[in-house]
Structure formats: structure tokens, C-alpha cells
Protein chains: 2
Amino acid sequence: MARNKEFDPTEKLEKARDLFWEKGYHATSMQDLVSQMQVNRGSMYDTYGDKHQLFIESLQNYAKETYAEYKQAATGEKSPFKAIELIVKKAIQRSFEEEKVCMIVKSSFEMAPLDNDVKEILKQLSNALISIFGDLIGKAQQAKEISAEKNARQSAQFIVGSFAGLWQMQALYNDRTMVEQMAKNILDSLK
Amino acid sequence: MARNKEFDPTEKLEKARDLFWEKGYHATSMQDLVSQMQVNRGSMYDTYGDKHQLFIESLQNYAKETYAEYKQAATGEKSPFKAIELIVKKAIQRSFEEEKVCMIVKSSFEMAPLDNDVKEILKQLSNALISIFGDLIGKAQQAKEISAEKNARQSAQFIVGSFAGLWQMQALYNDRTMVEQMAKNILDSLK
DNA sequence: ATATATTTAGAACGAATGTTCCAATTAGGT
DNA sequence: ACCTAATTGGAACATTCGTTCTAAATATAT
């Protein structure tokens, strides 16, 4: 039939994702993307569609990779509460290593008020994380590690929401001790 | 000497602020601002400087007005802990009335990674809020309303950070009950 | 009343925006 | 080896971007 692509679409998508992740949607130009991805303009539009679609795919890719890391951090841990702790630790570690704050949270503030399609995706992705924590909290309650009085899903929402606080503090102060202290407070308040 | 301005600079600044507040910095164009403020382009540059300076003044104006409202919500309240509760309540009420999420938090995610000047201002403004809560927490400890074990400033940082969680949830789900439940969790964890 | 400094309206600027198009290239199926 | 369909590089598109400029209008101080 015809030629094959010279580039690996998912590898290049990750480059786009990293740029959107760092600068957000509006501050990232197609020129920025072309330069960073090292892919021709035409090929970009052929492969990913327009900027908006590319952003959405970047977001999905981010969530997929991030949640996989979170789950991976918890596997093998028998104590559900410790599993939660491990995920939070991993999230913080990752965030400081990448020197970037969670793309879903950033996008929630930048895009949710302006773009309904993106907002729905962000809701769905956040729901997925809430479910992960909800399950763990339920199990922790069964294991009597935390009080069974509290509603598991509410606690999960609290945890996921609290992440935003961690990231804001990181974004402003970039002080890991401070962020870890906040995380400790959050985890303590679960019990 | 010469003519007077036909418009009230602070009144028009508030219009700019509302637009930046809603859409963020990058998604707001000068054309948007000219239309919304009903001020001539040239007059805008004469009065406020460029877009960047106008944004900074908008941010300062936002903080001034918001913090005044917060303090006002707490005045007359003898119990320091209840004062904290009142501020949180006011913050939530205001946020749902305006149908917009805190401009400082939004800007922290959009601008802090890209703009050091804005980041420093955001830090300073956040510090001011942390101090307000730090004072109240200190007083609440003296009044034995909350445990004196915890470091007051750390708890204040936790509160201020937790606001970001409230706003993310509002931005995504726009569910007031959910946000109020989260706020309750935050306040409970203070004790 | 006149001179003067400032504001006003809106045209105009070059640069950057997202997107499309086209000719040249290239690899796969027959 | 040759046709064919897709990819490639890069020019080109119309808009929009933030900003500046000019000329007319206007209010103040003398």
C-alpha cells in the first residue's frame, strides 16, 4: 500500500504530554509542540487531529501512566492503609522528581471552567482515582485499620481533593518537607 | 492642565479581574478585556500598563477584596475556632455564588510554573492567608478549643492547602454538598 | 479665551496563533 | 519493477495575538 510512519506515535505523544503537563493547554503553542515532538506539522494533524484532540490524548496518556504507577506502588502491600500511604508517597516522589504538578489537577483549574469535553474527561479520571482509594479505604475498614464510621467514598473524595492542596503548595513553595507534612496530616485525618 | 479620565480605574479593574478570574491569564485576550471593560485600548495601556501588569493588579485586587471578606466574616465571633469555621463557610458560599473558583489557587497552577514574578506574588498572598489562619489557630489553642500539640503554622498551611481541594472538587463536580462535606472533614482534622 | 497636557477612538503594526495545502518522497502490495 | 497510497517537509493560509501610533476631542489652569 504505502509508507509507514517514521516515528512512534505513542513515544511522540509522551513528548506532547510533557509539554502540556508543564505549561498547560493555552500556554502551549503548536509551534512548541512541533519543536518538542520533532514531528512535522502535517504529520501531527494526520496522526492526532488538532491541538484539542492532542491535548485530550495527552491527558488520557498521563492518567493511564500515573494511575498505573500508583497501583504498582501499592501491589504486594497487605495492609490496605499502608497501601494508601505508599500511593501518597509515590505521588509526592514522582511530582518532585518530574518537577511538575499533577496534570489532572492543573487541567481541572485551567480547563474545567472553559471546556466541557475536557471537564467530563477530568471528572471521569478523578472518579477512577476516587474508586481506587475508596476500595482501599473499604478494605482498611474491614481490616480495622481505620474507623468504619466514616463513609468510604467520602473519605476517598477527601483524599483525592487533598492532593490538590499538596500540589498547590509544591507549585508555590517547592518545599518537600512541607508537602510531606501536609500529606501526613491528610493520612492522619483518615483514621 | 488637561482632561480627566472618563472612567473609574478601579471599577474597570474589577471587570478585568473578573475576566482573568474566570478564564485565567492565557485564555483571556486583550480584545476580551477591551470588550468587557469598555475602555479603549490606548487608555488601558496608559492606565494599567500591559496585559501582564493588568493581571497582577487584578490578582492584588482579588486578594484584597477576598481577604477583607474573610476577615469580615470572622469579626465579632469570640470563639477562634468558630471564626475559622465562619471563614471557610464564607469562602464556600462566595465561591458558589460567583460560580468561580479562587483566583489565587487557579493562578498558582496556571502561572506559578511559568512566571516567577507572579509566583512570588502568589506566595506572598498565600502567606498572608496562612498568617490569618495561624493566628486564629493559635488563639483556638489558647482557648483550648483545639489541641495545643500541633504546630499552629503547619495546621494553617494545611487549611490553606486544603482549600485547593475544595476548589478542584467544585470545578469538576459543582456539588455544594460534596464540598461542604470536605470542608467538614478539614475542620474536624484540625482538632 | 487661550494654551496645553491628557484622554480618547480606532486604525495599524509585526509577530504568533492554529490549521491547511501541495509537491516531493517513500515504502508496501501486486 | 511498478503502481499506489500514505508520509513527509515546508510553504502558505487567514485570524488573532499584544502592542503602538496618530489625529481628534476635551477638560483644566492660566
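In what follows, chains carry the letters A, B, and so on, assigned in the order in which the sequence lines appear, proteins first and then strands, with residues in each chain numbered from 1.
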Legend entry - Plane angle bin for A:Phe109 and B:Phe109 - parallel if under 30°, tilted between 30 and 60°, otherwise perpendicular: parallel

Inset, instruction - For A:Phe7 and D:dG9, give me the distance from atom CZ to atom C1', rounded to whole Å. - result: 13 Å

Inset, instruction - Would you indicate what A:Thr47 reaches in the nucleic acid, counting non-hydrogen atoms under 4.0 angstrom: base, sugar-phosphate, or nothing? - result: nothing

Legend entry - Interatomic distance where CG belongs to B:Asp32 and P belongs to D:dG18 [whole Å]: 8 Å

Legend entry - Presence of donor-acceptor pair under 3.5 Å, side chain of B:Arg41 and base of D:dT20: no

Legend entry - Below 4.0 Å: OP1/OP2 of D:dC17 and any side-chain N or O of B:Ser29: yes

Legend entry - Nearest-nucleotide pick for A:Lys51, side chain only, options being C:dT19, D:dT8, C:dT8: C:dT19

Inset, instruction - Please report, rounded to the nearest Å, how far the C1' atom of C:dT17 is from the NE2 atom of B:His26. - result: 13 Å

Inset, instruction - Select one nucleotide: of D:dC17, C:dG18, D:dT7, the one nearest the side-chain heavy atoms of B:Gln31. - result: D:dC17

Legend entry - Phosphate OP1/OP2 of D:dT8: any A:Ser43 side-chain N/O under 4.0 Å: yes

Legend entry - Toward the 5' end of DNA chain C, by each residue's nearest nucleotide, A:Asn40 or A:Tyr25: A:Tyr25

Legend entry - Residue met sooner reading DNA chain D from 5', once A:Gly42 and A:Asp46 are mapped to nucleotides: A:Asp46

Inset, instruction - State whether a side-chain donor-acceptor pair under 3.5 Å links B:Asp117 with B:His52. - result: no

Legend entry - Separation of atom CE in B:Met37 from atom C1' in C:dA9, rounded to whole Å: 16 Å

Inset, instruction - Report the distance from atom CE of A:Met30 to atom C1' of C:dT20, rounded to the nearest whole Å. - result: 12 Å

Legend entry - Protein-nucleotide distance (A:Asp50, atom CG; D:dC13, atom C1'), rounded to Å: 17 Å

Inset, instruction - Establish, yes or no, whether the cationic atom of A:Lys106 lies under 6.0 Å from the six-membered ring centre of A:Tyr25 and within 45° of the ring axis. - result: no

Inset, instruction - Mind calculating the distance between OH (A:Tyr48) and C1' (D:dT7) to the nearest angstrom? - result: 13 Å

Legend entry - Pair A:Gln170, A:Arg176: side-chain N/O donor-acceptor within cut-off below 3.5 Å: no

Inset, instruction - Start with the C-alpha gap between B:Asp32 and B:Ser35, add the side-chain angles, then the distance that decides, and say whether side chain to side chain donor-acceptor pair (under 3.5 Å) holds. - result: CA-CA 5 Å; B:Asp32 291 338; B:Ser35 305; 5.9 Å; no

Inset, instruction - For B:Met44 and C:dA9, give me the distance from atom CE to atom C1', rounded to whole Å. - result: 15 Å

